[in-house]
Amino acid sequence: VAPADDLGGQLVHSRGFQAWKAGGYTGRAKLLDLNTRALITTGAFPSVPDRIVAANSIPQATLLAQVNRQMVSGNSVEVIKYPSGAPLAGDVPEGTLKPEGPITITIETVNLVTQAIWAEFTRQVAEDEPRFVDFINNTLLRGVLDKVESNVITAVEAGTGYHTATGDTMLEAIRVGIALVNSAGFRPSVVVMHPLDAASLDYEIYTGSNGALAGQGSVWGVPVVPNGGVTQGTAYVADAMAAWHHYYRGAAELFVSDSDVGLDGVSNFKRNIMTALAEYRSATTVVRPEAVAECTVTVPPALAAGAKKN
């Protein structure tokens with residue numbers, strides 16, 4: 001019998017080999033977990049380095065998760081938009097003519113746009129490093145969703161017909177914005193603002209409450225959604241489900257193929273190159289602008305000139 005201090009001895013004395021012998025030299029038994037990567041010798045004991053793939057960063061709370069999302073069956077949508085207020089009914093004595101309630105609607109056609117990105121890796125990488133391939137795939141999907149979130153913010157900032165709320169501080173302007181949205185018959189669900197503005201607001205709330213209201217993640221009871229795409233100095237108070245609609249064709253998808261053609265016109269199949277493609281089709285539009293208040297800080301002219309406020 002081979003000594004147990006060499007590879008052959010380890011094989012002979014292994015449980016798998018003994019199980020194979022006990023089975024009458026028939027059947028199937030697992031002998032050794034052999035790692036085919038190059039060994040790094042440290043003294044008398046060989047070792048194989050582990051390759052750890054860093055996890056993808058987790059997105060923060062997104063505005064996309066707050067808006068009205070609807071899956072559609074085509075590439076374009078006809079959106080029916082109602083007037084900002086409903087016609088007011090009257091008190092009608094029995095037997096008298098009841099008043100008509102005229103309702104004027106508009107129809108807007110919204111076309112979906114594809115958000116997509118791709119990357120290449122070799123077949124050997126797919127076989128030898130499945131965790132790395134998962135990292136590539138997840139990164140592509142994250143890139144698509146980040147673009148979708150950016151498009152939502154673009155649609156929000158391009159909206160017209162919002163209420164205008166101002167104040168000496170952002171805290172004051174947001175409170176006015178909440179009142180305006182409430183007055184229009186909606187319940188504010190989010191305050192969307194730049195992360196640096198959110199930080200300043202937190203500090204203002206912290207100092208104003210002597211630390212009692214620190215780290216709440218909300219202002220005046222309304223959750224804050226920070227996003228770096230929002231213009232600094234502006235915040236949006238909104239009933240997000242009523243105000244903004246997001247239309248999408250289906251879930252974000254990932255496609256992998258070995259039959260692509262490289263940028264040089266040569267078949268990737270013959271070069272063992274795989275292509276991963278992530279894509280999504282969507283569009284976001286403003287449906288009820290009266291459910292949004294655009295909040296900014298107004299600096300009194302005297303303060304802007306350097307004078308003190310009494």
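What you are looking at is a predicted structure, and each value in this text was computed from that prediction instead of being measured.
His163 places a side-chain N or O within donor-acceptor distance of the main-chain N or O of Glu290, the cut-off being under 3.5 Å. Side chain of Ser150 to main chain of Asp146: no donor-acceptor pair is present (N/O by atom type, distance under 3.5 Å, no hydrogens or angles). With Arg249 contributing its side chain and Asn75 its backbone, the two residues share no donor-acceptor pair below 3.5 Å. Under the 3.5 Å distance criterion, the side-chain polar atoms of Glu149 are matched with a main-chain donor or acceptor of Leu64.
In this pair, His246 and Tyr280 present their aromatic rings parallel. The plane angle is below 30°, not in the 30 to 60° band.
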CA sep, side-chain torsions, deciding dist, call: Leu63, Trp244, side-chain contact (heavy atoms from CB on, under 4.5 Å): CA-CA 10 Å; Leu63 182 57; Trp244 304 307; 4.0 Å; yes

Verdict with supporting geometry, Ile153 and Val192, side-chain contact (heavy atoms from CB on, under 4.5 Å): CA-CA 9 Å; Ile153 296 297; Val192 187; 4.2 Å; yes

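The two residues Gly167 and Ala173 have their closest heavy-atom pair at N-CB, 3.7 Å. Minimum interatomic distance between Thr234 and Met170 (heavy atoms only, all atoms of both residues): N-CE, 4.2 Å. Considering all non-hydrogen atoms of both residues, Val266 and Asp264 come closest at N-OD1, 3.1 Å. Taking all atoms of both residues into account, the shortest heavy-atom contact from Gly221 to Pro223 is O-CD, 3.9 Å. The shortest non-hydrogen separation linking Ala240 to Ser189 is N-OG, 3.0 Å. Shortest non-hydrogen contact noted between Val287 and Ala242 is CB-O, 4.1 Å.
Atom CZ of Phe255 sits in a crowded spot, with more than 12 heavy atoms from other residues, nucleotides or ligands closer than 6.0 Å. Enclosure of atom CG in Asp91 is not indicated, since only 12 or fewer non-hydrogen atoms of other residues, nucleotides or ligands lie within 6.0 angstrom.
Under the 4.5 Å side-chain heavy-atom criterion for grouping Ile, Leu, Val, Met, Phe, Trp and Tyr, Ile178 is connected to Leu171 within one hydrophobic cluster. Residues Met71 and Val148 are members of one and the same hydrophobic cluster, defined by side-chain heavy-atom contacts under 4.5 angstrom among Ile, Leu, Val, Met, Phe, Trp and Tyr. Residues Met241 and Phe186 are members of separate hydrophobic clusters, defined by side-chain heavy-atom contacts under 4.5 angstrom among Ile, Leu, Val, Met, Phe, Trp and Tyr. By the criterion of side-chain heavy atoms lying less than 4.5 angstrom apart, applied directly or through intervening Ile, Leu, Val, Met, Phe, Trp or Tyr residues, Phe135 is not grouped with Ile273; the two fall into different hydrophobic clusters. Val286 and Leu180 fall into different hydrophobic clusters, defined by Ile, Leu, Val, Met, Phe, Trp and Tyr side-chain heavy atoms under 4.5 Å apart, directly or through other members.
Between Val224 and Val219, some side-chain heavy-atom pair lies under the 4.5 Å cut-off. With a 4.5 Å cut-off on side-chain heavy atoms, Val133 and Glu129 do not count as touching. Taking 4.5 Å as the limit, some side-chain heavy atom of Pro99 sits within range of a side-chain heavy atom of Val92.
Distance check: Thr139 OG1 to Arg142 CZ gives 9.0 Å after rounding to the nearest 0.5 Å. Put simply, OH on Tyr236 and OG1 on Thr231 are 6.0 Å apart, with the number rounded to the nearest 0.5 Å. Put simply, CD on Glu172 and SG on Cys295 are 11.0 Å apart, with the number rounded to the nearest 0.5 Å. To the nearest 0.5 Å, atoms CZ (Arg187) and CG (Asp239) are separated by 9.0 Å. With rounding to the nearest 0.5 angstrom, the CG atom of Leu201 is 8.0 Å from the OG1 atom of Thr169. To the nearest 0.5 angstrom, Asn137 atom CG is 11.0 Å from Leu277 atom CG.
In this model, a donor atom of one side chain and an acceptor atom of the other lie less than 3.5 Å apart for Tyr247 and His245.
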Quiz: residues 108-118 side-chain donor-acceptor pairs under 3.5 angstrom, not counting sequence neighbours:
| unit_1 | atom_1 | unit_2 | atom_2 | d |
| --- | --- | --- | --- | --- |
| Glu108 | OE1 | Lys81 | NZ | 2.3 |
| Gln115 | OE1 | Ser282 | OG | 3.0 |
| Gln115 | NE2 | Val113 | O | 2.8 |

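Under the side chain to side chain contact (heavy atoms under 4.5 Å, CB included) rule, Met274 has a single partner from Asn268, Val256, Ile136, which is Val256.
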